[in-house]
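Values below: every heavy atom of this structure, side chains too, minus hydrogens, waters and symmetry copies.
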Amino acid sequence: MSAVDRRARCACPVELPCECSYPTLLRAGTRALLARSRREPLLHNGHLLAASSLLSAGLGSLFWILATRSYSAADVGRSYAALSATMFLSTLGSLNLGDALVRFVPTAGRRTRALVLRSYLVSTTVSAVVAVAFLLLVPVVAPDLGELRRPVLAVSFVAATAGYSVFVLQDGALTGVRRAGWVLGENTVFAVAKAALLALCAAFAVGTGILLSWAAALVLAIVLTNAVLFRSAIPAHRSAPVDEREAPPTERIARWAGADYLGNLCTFAAATVLPLMVLDRLGADGSAYYSLAFVIASTLYVAAFSMGHSLVVEGSRDPARLAEHARRLLRHSTLLVTAAALPIAAAAPWILGLFGPDYAEHGTTALRLMVLSAIPNTVPNVVLQVARVRRALPWMIGIRLAFAVVVIALTAVLLPTFGLTGIGCAWLIAECALALPLLAALPRVLGPAPLPGRPRPHPEEEPT
């Protein structure tokens with residue numbers, strides 16, 4: 001067919017030869033979307049942060065697959081418990097200062113370096129104290145980890161707990177200075193390095209290879225990332241024009257971090273209580289089926305929450321555009337989560353079947369419901385990020401507290417009758433019950449955009 005014939009048959013008003021097939025239009029639309037996202041820090045950095053979360057989850061699974069192939073089940077079990085304790089204690093000890101850096105670094109200006117260093121100091125100190133307290137209580141709370149009380153291992157455990165808090169905080173600092181690409185890069189370095197070192201340790205039959213490879217990769221990621229952060233990223237950020245009048249005093253940052261910490265504890269409570277309820281009602285097998293479905297579904301939650309950090313950064317830098325950015329991120333994140341959730345829901349039996357036929361038989365419906373619940377979750381996620389920008393402390397706690405209470409209560413009612421399907425329903429109903437009223441109230445929550453010529457309100461004075 002000639003170019004003239006193609007132009008005659010298509011509706012595209014172009015002078016050049018037109019290729020109006022669906023794949024061509026799809027590729028053109030994809031390129032346009034990617035080009036637009038690169039021009040807009042909100043979407044570009046949001047995509048990078050979401051990709052970092054997904055990559056960490058995927059490569060983290062690869063690390064444990066390699067561990068199970070190279071070490072005995074007992075070694076894997078003890079190492080997994082020790083590393084889980086390290087990350088849990090670090091999360092408690094970091095006091096949520098990583099998210100505080102996401103919120104306050106964008107307007108810190110010349111105080112950025114001092115703010116990051118103070119956060120490092122507080123977080124590592126508290127994490128180390130928490131780790132020491134845990135070691136003292138090991139005989140009571142975790143007798144199987146008694147080896148950690150040996151002098152060398154004890155010192156290493158405390159250092160690893162403090163170090164992991166730095167690993168988390170540096171992500172927040174990089175996000176705050178708009179270096180989301182390095183967040184993706186450091187997580188890639190950490191994941192690839194620990195897998196490579198694990199293979200090396202296994203080849204030389206190193207008994208503590210799982211712990212050693214994880215710790216060495218952590219040190220490498222911290223050193224490389226902080227070299228970039230303090231030599232390049234922070235100096236560039238300090239020289240960029242920011243309104244340092246938006247930078248609050250230390251005590252206000254502490255109040256914000258405390259409220260956000262309480263909100264995170266509500267989320268953590270839900271994530272901890274539900275598996276215990278399943279274990280008590282359905283036994284170890286039911287707990288295994290639920291846990292795998294939770295890991296898959298929570299990946300979408302984490303990706304959407306990570307994208308929300310981009311809204312916090314851009315909203316903190318320019319509060320006048322917060323409502324505009326929030327609406328854009330809500331549309332964008334809902335489309336992306338839906339595009340991921342629907343195929344996962346459709347392929348749930350095949351995905352779970354990779355882990356064994358019992359997982360597919362018992363966990364398919366629960367996985368589908370839990371994955372679909374990530375779609376309405378985009379609404380409270382965006383409202384939460386808006387509250388974090390505006391320092392609306394009751395909202396920062398209340399949104400996550402409401403979800404935790406509703407999902408635990410619904411699980412208590414539905415689990416005895418419907419089993420794992422009941423807990424999947426609890427997830428979906430709880431998210432919809434939270435999302436629908438927030439969506440209806442969204443115009444009032446975001447408020448009208450300020451008119452030209454009017455003074456820009458302080459974030460704390462904006463309607464929430």
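Pairs of residues two or more places apart, or lying in two chains, that qualify as ring-ring contact (aromatic ring centres under 6.0 Å, His included) and include a residue from residues 48-79 are Trp64-Tyr80. Listed by first and then second residue, the ring-ring contact (aromatic ring centres under 6.0 Å, His included) pairs involving residues 107-155 are Phe134-Phe157 (not counting sequence neighbours).
Put simply, the side chain of Asn381 gets close to the backbone of Ala304: a donor and an acceptor are under 3.5 Å apart. Without hydrogens or angle criteria, Arg368 side chain to Ala348 main chain gives no donor-acceptor distance under 3.5 Å. Judged by distance alone, with hydrogens and angles left aside, the side-chain atoms of Ser119 form a donor-acceptor pair with the main-chain N or O of Leu115 at under 3.5 Å. The backbone N or O of Ala374 lies less than 3.5 Å from no partner atom in the side chain of Thr378, so there is not a single donor-acceptor pair. A distance-only check finds a donor-acceptor pair linking the side chain of Arg103 to the backbone of Val389 [under 3.5 Å]. Looking at Thr272, its side chain never comes within 3.5 Å of a backbone N or O of Ala269 through a donor-acceptor pair. Counting only distance, with no hydrogens or angles, the side chain of Ser213 and the backbone of Ile210 share a donor-acceptor pair below 3.5 Å. Thr161 places no side-chain N or O within 3.5 Å of a backbone atom of Leu89 that could act as its donor or acceptor partner. Under a 3.5 Å cut-off, the side chain of Asn226 and the backbone N or O of Ile222 do form a donor-acceptor pair.
A distance of 8.0 Å separates CE of Met87 from OG1 of Thr91, quoted to the nearest 0.5 Å. Rounding to the nearest 0.5 angstrom, the gap separating the CG atom in Leu352 from the OH atom in Tyr289 is 11.0 Å. Between Arg118 atom CZ and Arg111 atom CZ the span is 9.0 Å, to the nearest 0.5 Å. The distance from atom CG of Leu59 to atom OG1 of Thr188, rounded to the nearest 0.5 Å, is 7.0 Å. From Ser333, atom OG reaches atom CG of Leu311 across 9.5 Å, with rounding to the nearest 0.5 Å. For the atom pair CD1 (Ile408) and CE (Met277), the distance works out to 7.0 Å, reported to the nearest 0.5 Å.
Minimum heavy-atom separation, Cys201 to Leu212: SG-CD2, 4.1 Å. Residues Gly98 and Leu169 come closest through the heavy atom pair N-CD1, 3.7 Å. Of all heavy-atom pairs spanning Asn45 and Ser310, the tightest one is CB-OG, 3.7 Å. Among all heavy-atom pairs drawn from Ala173 and Val116, the shortest one is CB-CG2, 4.1 Å. Pairing each heavy atom of Leu438 with each of Leu434, the nearest pair is CG-O, 3.2 Å. In terms of heavy atoms, Ala297 sits closest to Leu367 at N-CD1, 4.4 Å.
Under the side chain to side chain contact (heavy atoms under 4.5 Å, CB included) criterion, Thr338 pairs with Thr334, Leu342, Ile375, sequence neighbours left out.
Ion pair Glu251/Arg255 not flagged as a salt bridge, since none of the NZ, NE, NH1 or NH2 atoms sits closer than 4.0 Å to an Asp/Glu carboxylate oxygen. We find that Arg391 and Asp260 are not joined by a salt bridge, their nearest charged nitrogen and carboxylate oxygen being 4.0 Å or further apart. Residues Arg388 and Asp99 are paired through a salt bridge, judged by an N-O separation under 4.0 Å between the basic side chain and the carboxylate.
Contact check for Thr175 versus Leu49: side-chain heavy atoms found under the 4.5 Å cut-off. Looking at Phe104 and Ser316, their side chains never come closer than 4.5 Å, going by heavy atoms from C-beta outward. No side-chain heavy atom of Pro41 sits less than 4.5 Å from a side-chain heavy atom of Arg317. The side-chain heavy atoms of Leu229 and Trp182, taken from C-beta on, include no pair separated by under 4.5 Å. Side-chain contact check for Leu330 versus Arg327: every heavy-atom pair is 4.5 Å or farther apart. Between Leu329 and Glu314, the closest side-chain pair of non-hydrogen atoms is not below 4.5 Å. Looking only at side-chain heavy atoms (C-beta outward), Leu220 and Lys194 stay at 4.5 Å or farther from each other. For the pair Val383 and Ile399, the minimum side-chain heavy-atom distance is below 4.5 Å.
At a cut-off of 3.5 Å, with distance as the only test, no side-chain donor of Tyr164 or Ser94 sits close to an acceptor on the other residue. A donor-acceptor pair shorter than 3.5 Å can be found between the side chains of Arg400 and Asn264.
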For Val445 and Trp395, what are the C-alpha separation, side-chain angles and deciding distance, and is it a side-chain contact (heavy atoms from CB on, under 4.5 Å)?
CA-CA 11 Å; Val445 171; Trp395 283 74; 4.0 Å; yes
For Met370 and Leu428, what are the C-alpha separation, side-chain angles and deciding distance, and is it a side-chain contact (heavy atoms from CB on, under 4.5 Å)? CA-CA 6 Å; Met370 292 164 68; Leu428 184 57; over 6 Å; no
(request) Determine, step by step, whether Asp75 and Ser72 satisfy the side-chain contact (heavy atoms from CB on, under 4.5 Å) criterion, reporting the C-alpha distance in whole Å, the side-chain angles of both residues, the deciding distance to 0.1 Å, and the verdict. (result) CA-CA 5 Å; Asp75 288 336; Ser72 68; 3.2 Å; yes
Checklist entry - How far apart are the C-alpha atoms of Ile423 and Tyr290, what are their side-chain angles, what is the distance that settles it, and do they pass the side-chain contact (heavy atoms from CB on, under 4.5 Å) test? => result CA-CA 9 Å; Ile423 197 171; Tyr290 168 74; 3.4 Å; yes
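Here the two rings, on Tyr261 and Trp256, have centers that are 6.0 Å apart or farther. For His332 and His47, the gap between ring centers is short of 6.0 Å.
Note on ring orientation: taking the six-membered ring where Trp is involved, the planes of Trp427 and Phe294 are perpendicular (angle over 60°, cut-offs 30° and 60°).
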